[in-house]
Undergrad: 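Handing you a structure now.
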Amino acid sequence: MATKEFHLTEAQAAATRQGFNFCPMCGTPMETRHVFGQNRRVCPNSECHFVQFLDPKLTTAVFAEKEGKVLLVKRTMNPGKGSWCFPGGFMEMNESPQASAIRECKEETGFDVEITGLVDVFYYQDYRGSGVAIMYRGKIVGGHATHNPVEVETVGLFGPDELPEPIVFESNLQTLAAWQAGKL
Ligand SMILES: [Zn+2]
C-alpha cells in the first residue's frame with residue numbers, strides 16, 4: 001500500500017515530545033508538573049491523576065556482511081539525506097527487535113539476513129527526540145539487491161577499504177570503525 005511521505009519539521013517534532021494536551025483516560029486538559037524527578041504531563045483530575053511518561057523510540061539496524069563486504073544503503077530522507085548507513089528503522093509494536101531488523105533489511109535492500117549476534121546498543125538524540133538503536137550483526141543468506149525508493153536511493157556492498165562517504169549516525173560510524181580496525 002502506498003503511504004504518504006510525512007516529514008516533521010523541527011517545531012512539529014518538538015511539539016510531539018511535549019506530551020498530551022488532553023488526558024487519554026478522562027479527557028481533562030493535562031498540566032505540566034514536576035513529578036517522579038522531572039517535568040511531566042499530568043492529569044489534574046483528582047479521580048484520575050494519569051501521568052504521561054515519554055520514552056525514547058526504539059530503532060534496529062543490521063551490520064550485515066557478505067564475503068567480507070558490508071551492506072549499506074544511501075538515504076533519501078532526513079536525518080542523513082544523501083548519506084550512507086546500515087539498513088534499519090523504527091521497531092513496530094508487534095514484532096521482536098530481531099524481526100524488526102530482518103524486516104527493515106528486506107524492505108530497504110531486498111536481501112534476507114540471518115541475525116548472528118549483537119554489536120551494541122546505542123543511545124542517540126536528534127531533532128525528532130531521543131532513541132535507542134539496537135545494532136545487530138547479521139549475514140546475508142538470500143535475496144538480491146533491490147531497494148525501497150521512498151527511503152533508499154541505492155544499495156551497495158563495500159569492503160573495509162572502500163566505504164562510501166559520508167556515513168551518517170554515530171552508531172554506524174563507531175561500528176564501521178571497529179570493523180575496519182578488525183575488532184568486529
Ligand atoms: Zn485523566
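Just follow the structure's listing: the first ligand is 1, and inside any ligand the first atom is 1.
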Undergrad: Testing V62, T60, I140, D112 one by one against C105 for a side-chain contact (heavy atoms from CB on, under 4.5 Å), which residue passes?
TA: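 The side-chain contact (heavy atoms from CB on, under 4.5 Å) with C105 is passed solely by V62 among V62, T60, I140, D112.
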
Undergrad: With distance as the sole test, does R75 use its side chain to make a donor-acceptor pair with the main-chain N or O of P79 at under 3.5 Å?
TA: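 Yes, because the side chain of R75 sits within donor-acceptor range (under 3.5 Å) of the backbone of P79.
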
Undergrad: What about the rings of F36 and F53, do their centers lie closer together than 6.0 Å?
TA: yes

Undergrad: Which protein N, O or S atoms lie under 2.8 Å from the Zn ion (ligand 1), given by chain and residue number?
TA: C23 SG, C26 SG, C43 SG, C48 SG

Undergrad: Say whether, by atom type as modelled, one donor and one acceptor occur between the side chain of E95 and the main chain of E92 under 3.5 angstrom.
TA: yes

Undergrad: Determine whether a donor-acceptor pair (N or O, by modelled atom type, separation under 3.5 Å) exists between the side chain of E108 and the backbone of G88.
TA: yes

Undergrad: Strictly by modelled atom types, are T32 and R40 linked by a side-chain donor-acceptor pair under 3.5 Å?
TA: no

